[in-house]
Amino acid sequence: MTYKVLNNITVKNINNGVISNVSTDLLVIPVNNKTISSDEFKEIDKKSNGYLLKSSKEALNPGNQNHLITSINGITAKKILLVKDLNEKDDIYLWLNKYKYIAKIANSMNCKNLSILDGQVYPNGKNQLWFLEMVSRSIESGAYIFSTTKNKTAKTEKVGKEIISSNVSLKNVTLITSKLTSAQLKKAKISVLRGFSVGEGINTAKHLGDLPANHATPKIIEKIVKNTTKEYQGLKVKSLNEKDLARLKMGSYLSVSKGSDEPPRMIIIEYNGGKKNEKPIALVGKGITFDTGGISIKPSPGMDEMKWDMCGAGTVFGVMCSLARIKADVNVIGIMACAENMPSARATKPGDVVTSMSGQTIEILNTDAEGRLVLADALTYVGKYKPSYVIDMATLTGAVVVALGSHASGVMANNQFLADKIIESGEETGDRAWQLPLWNEYKSCTRTNFADLANIGGGREAGTIHAAAFLSKFAEDYKWAHMDIAASAWSSSPKGGTGRPVSLICDLILNKKLK
Ligand code: BES
Ligand code: MN
Ligand code: ZN
């Protein structure tokens, strides 16, 4: 099942400035020079005897608090939230944060519904449609609160200054536009549906990541994914078990799950909304449901965070759900390479040599470099679909946390056009990515005396690139990019999945940037 937070997000277009009868728990007004001179604003300001304009002007003063909650007699909205708006020059991430924050305020006030007035001010180069899509996506994803493994009676509490809601109250959101023609309104509705659907994909990815590893084993994930085919007929799911993987000679993939009592699953999701003869775009996600490191075991502090080591696969699932919900006219194959990495008497040992599906043998010098081992075989397998482009997403290296921090996912590619488009979609959505080089010099590090390749190399140098260099040996037959999302896919404080890079990938696919 996909993970849904809101019931609906709709557009309400107002033609004659009658906003005082909008029935809502909370009416949000982004305060800027355009909104305060709009008919809608003037109408409610009149009812407030000028109080709204006065407090908005105060809110516009630099240095003043940037939001104010109030209520006004004579208007139907129960409460009004004035938020100081951003301006054209502000970075996109600030716009995303603003609307995620508004969703959080609404939950903390126990609102069931929320109406937001179009601010009419957008970042440079962006228009109203971009804005409506961004707000819908940010509100849906901002309203998400993980509660699956919590006692259902848990209540909202105040921790310090912060209000922590333990349940989502928000159900319906209305975006209020004014004076749109019917053609414009139709377009606006499409943008809102798109943003809402991508927001759901983000939440689906977050939720799969946030689930504890004992609640999201490869077999449980298989069941969750198979259930979505009931929801969306457009998705076809096939799953390969241990025997299937062995039949396909995926010795590299199987070496990872060998020490675990939980059997692996490689889940393949097909979505064919495009032309019959159009080659599919392929997405491949690392799905390590828990990464102990195996025999090369990790230190205990922070090891719980390795439940998020399946966020690449979670992104694939989230994107596929969004595409099906939107009924996008594209062909996409998604692969979720799921396995658990555990030490045991049966586990792979450092120095063991395995044979990958590609025929290349691999000396496993470090069992903690396991993501590249499942991906190697998944990348070989996906070649049979003759994909136009392949993008893999993986929480692959601690080194990318050091290199880029959490603001950008790392990108490495054997095709510059593909890398450029990924970075462009990152800019467009505020889900940013940045490129690292993948020159041939880096590729020699995988040499060993005992196999065709070693799974680690390069020592302390450029760990992120060396991991990508290893993967590149399995992706030579097509145009390929690798995204290292180890820093961007979840946050350590506060702990939680981010659903990245679902919005980047959706933008890339939905806006046909790869044509
Ligand atoms: N899943 C980890 C990467 C990771 C580490 C993500 C910390 C987020 C935070 C991956 O499987 C791993 O263990 N990578 C090793 C590779 C090394 C053994 C070459 C790493 O980065 O330390
Ligand atoms: Mn590892
Ligand atoms: Zn890992």
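Everything numeric in this text was worked out from a predicted model, so none of it was measured. Just follow the structure's listing: the first ligand is 1, and inside any ligand the first atom is 1.
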Contact between ligand 1 and R372 is defined here as a heavy atom of the residue under 4.0 Å from a ligand atom; is it met? yes

I'd like to check which ligand 1 atoms, numbered from 1 as shown, lie under 4.0 Å from a non-hydrogen atom of E370. 11 (O)

Looking only at the aromatic ring of each residue, does the gap between the centers of Y144 and Y3 stay below 6.0 angstrom? yes

K286: which of E370, M336, M310, M393 passes side chain to side chain contact (heavy atoms under 4.5 Å, CB included): E370

Is NZ or CZ of R372 both nearer than 6.0 Å to the six-membered ring centre of F474 and within 45° of the ring axis? no

Measure the shortest side-chain to side-chain distance between I92 and T429 over non-hydrogen atoms and say whether it is less than 4.5 angstrom. no

Just jot down the ligand 1 atoms closer than 4.0 angstrom to any heavy atom of T395, in number order. 1 (N), 2 (C), 3 (C)

Please name the pair of heavy atoms, one in E262 and one in P218, separated by the smallest distance, quoted to 0.1 Å. CB-CD, 4.4 Å

Below 4.0 Å from ligand 1: does a non-hydrogen atom of F470 turn up there or not? no

With 2.8 Å as the limit, jot down which protein N, O or S atoms are around the Mn ion (ligand 2). D291 OD2, D368 O, D368 OD1, E370 OE1

Protein contact of atom 8 (C) of ligand 1 - nearest heavy atom, named by residue and atom, plus distance: W490 CH2, 3.4 Å

Would K298 count as a contact residue for ligand 1, given that I'm defining contact as a non-hydrogen atom of the residue lying under 4.0 Å from a ligand atom? yes

Option set D368, I288, N455, N341, criterion heavy-atom distance to atom 13 (O) of ligand 1, minimum: D368

Can you report which non-hydrogen protein atom sits closest to atom 9 (C) of ligand 1, along with the distance? M306 CE, 3.6 Å

Distance in Å, M342 CE paired with T367 OG1, rounded so as to fall on 0.5 Å steps: 12.0 Å

With a cutoff of 4.0 Å, is V401 in contact with ligand 1, counting heavy atoms of the residue only? no

Closer than 2.8 Å to the Zn ion (ligand 3): how many protein N, O or S atoms are there? 4

Can you tell me the protein heavy atom closest to atom 10 (C) of ligand 1 and the distance? L396 O, 3.3 Å

What protein heavy atom lies closest to atom 21 (O) of ligand 1? Include the residue and the distance to one decimal. G398 N, 2.7 Å

Verdict with reasoning, L471 to M412, per side-chain contact (heavy atoms from CB on, under 4.5 Å): CA-CA 10 Å; L471 294 178; M412 288 137 278; over 6 Å; no

Would you call the rings of W308 and W490 parallel, tilted or perpendicular, where under 30° means parallel and over 60° means perpendicular? parallel

Student check: side-chain heavy atoms of V374 and M250 closer than 4.5 Å: no

Any Lys/Arg nitrogen of K473 or D452 sitting under 4.0 Å from an Asp/Glu carboxylate oxygen of the other? no

Does only the side chain of K286 get under 4.0 Å from ligand 1, or the backbone, or both, or neither? Count heavy atoms. side chain

When you look at D90 and W95, which way does the side chain to side chain donor-acceptor pair (under 3.5 Å) test go after all the steps? CA-CA 8 Å; D90 282 319; W95 291 82; 5.2 Å; no

In ligand 1, the atoms that come under 4.0 Å of a heavy atom of I456 are 19 (C)

Would you mind checking which non-hydrogen protein atom is closest to atom 6 (C) of ligand 1, with the distance to 0.1 Å? A486 CB, 3.6 Å

Candidates D309, N366, L365, D291; heavy atom nearest atom 18 (C) of ligand 1 found on N366

Closest heavy-atom contact between Y99 and S138? CB-CB, 3.8 Å

One thing to verify: whether E278 and K515 come together as a salt bridge, which I'm taking to mean a side-chain N less than 4.0 angstrom from a carboxylate O. yes

What pair of heavy atoms forms the shortest contact from I422 to A481, and how long is it? CD1-CB, 3.6 Å

Please determine if K126 and E428 form a salt bridge, counting it only when a charged side-chain N lies under 4.0 Å from a carboxylate O. yes

Measure across I456 and A369 and return the closest heavy-atom pair with its distance rounded to 0.1 Å. CG2-CB, 3.6 Å

Decide yes or no for L193 and R325: does some side-chain heavy atom of the first lie under 4.5 Å from some side-chain heavy atom of the second? yes

